[in-house]
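Here's the structure we're looking at; comments come further down.
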Amino acid sequence: MATSSERSPPPFPDSEDQDVLDSEEVGGRESDEDDDGGGDDLLFVNPSNPPLTKMDTTLPPASQPSDVLMEPPSDLMNDPLIEPFSSLTENKPTSKIVSEPSDDFVDLTNNLADSPEDAAESVLADVAIDTTEIPLDEPSDDFVDIFGGETEAPREEVVIANVTVKAAAAADKSEVTSDVTDPPGDLKTGSDFEQEANETATDSIIDLSDDLLSSNAQKPPLASDQFVDPLVDFLSDAPPAADAKIPSRATVDLFEDEGNDLFTEPRQTKSAKQQQKSLFGEADEDLFGEPLGATTKKPVIKEPKGKPVPTKAARDVSNMGGPLQDGYTAEPADIFSEEAVTTVPSIKKTSAVNSKTNGVHSEEDTDIFAATVELSLDSPQEERKKGVPAVPSASAPSVSAATSLAKPQSASLEELDDDEEEEEEEEEEQEDKFDISISVKDPEKIGDGMNAYMAYKVTTQTPLPMFRNKTFTVRRRFSDFLGLYEKLSEKHGPNGFIVPPPPEKSILGMTKVKVGKEDSSSADFVERRRAALERYLQRIVHHPSLLQDPDVREFLEREELPRAVGTQALSGAGFLKMINKATDAVSKMTIKMNESDVWFEEKLQEVESADQQFRKLHVLVESLVVHRKELSLNTASFAKSTAMLGSAEDNTALSRALSQLAEVEDKMEQLHQDQATNDTFNFAELIADYIRLLGSVRGSFDHRMKAWQRWQDAQAALQKKRETEAKLLWANKPDKLQLVKEEIAEWEVKVTQYERDFDRVTATVRKEVVRFDKEKARNFKREIINYLECLLQSQQQLIKYWEAFLPEAKAIA
Amino acid sequence: MRSVSVDLNHDASLLIDIPDALCERDKVKFTVHTKTTLSSFQKPDFSVPRQHEDFIWLHDTLVETEDYAGLIIPPVPPKPDFESPREKMHKLGEGEATMTKEEYTKMKQELEAEYLAVFKKTVQVHEVFLQRLSSHPILSKDRNFQIFLEYDQDLTVRRKNAKEMFGGFFKNMVKSADEVLISGIKEVDDFFEQEKTFLLDYYSKIKDSTAKAEKMTRSHKNIADDYIHISATLNTLSADDSTANKKHCGGYYMSSFVFLQKVEGRVASDQELKLTELLRYYMRDIQAAKDLLYRRARALVDYENSNKALDKARLKSRDIPQAEEHQKQCLQKFDKLSESGKKELTSFKGRRVVAFRKNLIEMAELEIKHAKLLRTWLAMV
């Protein structure tokens, strides 16, 4: 699985290219026959889809293989899809919900109609056009190719199988749709759905796949590996590429088509040949699992979102990554279908399938889904999921096929992470409750002197299946928390995620603790830190994609954690960090990004002013705390002196009343003190958290800016190369010209890649910020209500005290 | 809104109040309104303008009157102090730039309220001073007091010049030295002995309590001020935020913080009024009672000295009648002082207890009221 390992770093264009090549090789090797037709297709493609020209730049290096790839999906598209599709296309335009996708549909249909090759070549060849548009199709092509190569099975057969399968699929869908319509929007529908789907599909797919997995695992591991890898690669690569060109149009096309293709394909395979099944078993599962997830997702989303979703989807489509679009397109489609009831069952599936086409995706989706729905289903996907997360974190179980599949997926998962993130977002936001609760308790001083440190007990409680136990506890020291943050921010920061920051290191506070002064301030410090750490971990696990991170799991689960480096040697690393920050600041000054996105501009301003306000608020609340403490102190001394006064008083009743007053004041002092603690923990600390978090938000903005800058730089470089090319052309130096041309091609790839990166980061940041805002509002609401409740309590007490005092005062004679 | 109402004015023959006061720069002009049925006044109903200095003059003349030595002269009202709100206002003006408009207006309102409260309090203590005098059977008949009430021109009390100020200071020094000296004198009367120790003790305690209570109210006020800023900041924060949800919540919380501030502020001012003022007043009153004791002790010393002088005279058989006369006078004076002092101190005790009772009850009730208000509000939220 060399390819998978190469894939793991997400944004690097080179590795992706390699992947592409690999996969293409695979395809090319196995299916020579297709080449001829493929070449034609290529030619065809260019003129017909002018916006795709960029694609060509990426594809050319691949040359032959690419052709091959393009062909097969087209078949699928044509035959089975056209009928349902055409109807779909009609429907869509009418329902304005999804304006953009509809265009795409039209395109597709046009293409299909235009393509003359259909007649000439086998059904498979026809849709090559689509494939070019949609790199995602490639995997499906491969599938077909492989089949062709290995089994020598006549294509006609496959096609036929397709058709039949599709019909079945259509039937399923119709069922599904009906379900949806019946109980629209309930969460239950989701589960119902799944069950339904399970029932319908289990027979054909799941059972098979399971069996296949187990039985065939040993047999075709190689084949499956090969197969899977390219597939996954392509999937992950493809959508962004498509995006780059004509985000809205191309991608949507791709997805719609692809979905169908893929979906149908795997099914064919199963129904058709057992040998192939082994390969497909996994794929099927994915696909299958995904649709389920998608469908289930839909109802959930629909309810709250209603109309806004489609519009948003349409908008997002334009600037977001492929997978994301899938999700979105799927949603509108659903809505549509729901509204129009039976009209287009196929659409749903397609969309659903689309989202799944990226195997990785499906997993994530399902995961989330599972998490939200409490994992009521035992569907195979789930199990698989469990396996998948386990793979990266724990030692790889020797499960053969399943694991092999899992690996590439998890690898690509990381690539696509953010995109998926968005989809999950939608869901997650609807679902406030998380099934994971974390507490940080029992701070304990370990060691003596300056080597002493505080260890905290981190207890996790969760029914999530990705953890081995329901409840587990580990001991972690502060630097472990910091180490976790370092890892997470390194991994996810550049993708635009807002990684919750841990509390700062406090040399002063810690030194006090270390020295072992058992005064209130050091206890206060430890308690503050403990609470801050708890909130920090909670923020992480409540972040849907951070929860998936193996490091997080490791942090929560593993007994012994390798000691975090870099955080403890604050002097060295801290200094480096400072330098980094300084250079960042400088580059921030120098980068003048002409912000094209008004949203970001506004948001940045908002964040900045919020930051300012929060800082101010923090100062104020701190002073409130100080004043409150003062008050408590003063009340205490007043109580004391009142007691003295009472003792000095010679009137017995008055003396009594005064000593009573002293007691009341004493209690008041306690109340004030509690209130001060309350101020601190419920309010000041929250604000401090948000000041830190806003820093992270800004960080993600910076990452976006950096991505933009990289893109711009690449563009500038490309421009320069082009100029050189022109010069060389003019100077007529063919030898150098070739070199420059290659370079140009290289840079073009880079530009596309960077642009894609930028778009992806933008989308992520946007999502994250939206999520952040919601979280913030919710958090504040909760905390302030909490705060007020505490206040209420103390007022209650106060009333009690004074009411008890009143008769005493009245008794003074 | 009377912090120290001591069942004054129980006799309707002489009713005094200060319905109005004018603040001009450093000077505060009180309008002293009198309603009387006494024949010693020319009219039954009249008002005169008086300044704080006039009150001091009245007090000083009363203290210096030999006949009143056996009485507790009501403590002189403290000088009107508008410095602190004024200073705060000034500070506020300087800090205007750092605050939002809303915050500024709120702070200003708060300061204005504080200023008003101080003003009212000032008027009140002056009023109480006069009322104590008017309710006193002996002091109400005082000539100077009647002049003070009736003379419709400006009293134009001569301000103390530097020498007199110094003299006053010197007198104080002598007095305290004297106090130390005569503290060694053996008390002849148990009642006074007791009373003396009690008052001394009580004075130090109440002084302490007053200081503490002042601090407490001040920090309470600080908290109220903090709430102002916090609510204002929360407001801007929620205004900046585009999320509708947050805006809603922000307004919501802000209003609750405004409310918190109001309640805390009121708690603080009520505490100030009911508790701190009470303690402060009685601190001064006790000082006055101590002065009485001092005067009595002085008289006692004088008497003993005159006794010695008489003995000496007898020994020398010279100026005996003079010495006898003097000794008699001293004894008389001392007896008179003791008698009236006893009466005064007893009534003072009763008065104190009543005042404490009233104020403590009122304070407890107010605390409960505020807390309940806050509670219902919070429960609503």
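Naming: A, B, ... by sequence-line order, numbering from 1 per chain. Keep in mind that this is a model prediction, so the values were computed, not measured.
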- With a cut-off of 6.0 Å (strictly less than), are more than 12 heavy atoms of other residues, nucleotides or ligands near CE of A:M644? no

- Message: Sort by residue number and list every residue of residues 338-348 of chain B having at least one heavy atom under 4.5 Å from chain A.
- Response: none

- Item | Structural part of B:L275 lying under 4.5 Å from a heavy atom of chain A | side chain

- Taking salt bridge (charged side-chain N to carboxylate O under 4.0 Å, His left out) as the test, write out the residues that go with B:R284, two or more places apart. none

- Item | Closest heavy-atom pair and its distance - A:S641, B:D208 | CB-OD2, 2.8 Å

- Query: Would you say A:R656 has more than 12 foreign heavy atoms packed within less than 6.0 Å of its CZ?
  - Reply: no

- Query: Between atom CD1 of B:I206 and atom CG of A:L658, what is the distance when rounded to the nearest 0.5 Å?
  - Reply: 8.5 Å

- Nearest-0.5 Å distance that lies between atom CD1 in B:I230 and atom NE2 in A:H618: 11.0 Å

- Which value, rounded to the nearest 0.5 Å, describes the distance between B:L360 atom CG and A:W802 atom CH2? 8.0 Å

Donor-acceptor contacts under 3.5 Å from residues 221-228 of chain B side chains, at least two apart:
| residue | atom | partner | partner atom | Å |
| --- | --- | --- | --- | --- |
| B:D226 | OD1 | A:S623 | OG | 3.2 |
| B:D226 | OD2 | A:L624 | N | 3.4 |
| B:D226 | OD2 | A:H627 | ND1 | 2.6 |
| B:Y227 | OH | A:R628 | NH2 | 2.7 |
| B:Y227 | OH | A:Y787 | OH | 3.2 |

- Message: Quick check on B:E214 against chain A: is it the side chain, the backbone, both or neither that has a heavy atom closer than 4.5 Å?
- Response: neither

- Message: What part of B:F198 gets within 4.5 angstrom of chain A, counting heavy atoms only: side chain, backbone, both, or neither?
- Response: side chain

- Choice from A:V607, A:V626, A:L791, A:V619 maximising heavy atom contacts with chain B below 4.5 Å: A:L791

- Mind ranking B:M363, B:H229, B:M216 by heavy-atom pairs under 4.5 Å with chain A and telling me who comes out on top? B:M216

Could you list the donor-acceptor pairs under 3.5 angstrom formed between side-chain atoms of residues 629-639 of chain A and any protein atom two or more places apart in sequence or on another chain?
| residue | atom | partner | partner atom | Å |
| --- | --- | --- | --- | --- |
| A:N634 | ND2 | A:E630 | O | 3.4 |
| A:N634 | ND2 | B:K215 | O | 3.4 |
| A:N634 | ND2 | B:S219 | OG | 3.2 |
| A:T635 | OG1 | A:L631 | O | 2.4 |
| A:S637 | OG | A:N634 | O | 3.0 |

- Message: Below 4.5 Å, heavy-atom pairs only: which of A:L798, A:L661, A:L806 has the largest tally toward chain B?
- Response: A:L806

- chain B contact via A:E789 - side chain, backbone, both or neither, heavy atoms under 4.5 Å: neither

- Message: Distance check, rounded to the nearest 0.5 Å: A:K640 atom NZ versus B:K205 atom NZ?
- Response: 14.0 Å

- Query: Can you say whether B:K369 sits under 4.5 Å from chain A via the side chain, the backbone, both, or neither, judging by heavy atoms?
  - Reply: neither

- Exercise: identify the closest heavy-atom pair between A:K810 and B:R357: O-NH2, 2.8 Å

- For chain A, the option from B:R218, B:K349, B:H370 that forms the most heavy-atom pairs under 4.5 Å: B:K349

- Task: Search all heavy atoms of B:A364 against all heavy atoms of A:F805 and return the closest pair with its distance.
- Result: CB-CD2, 3.8 Å

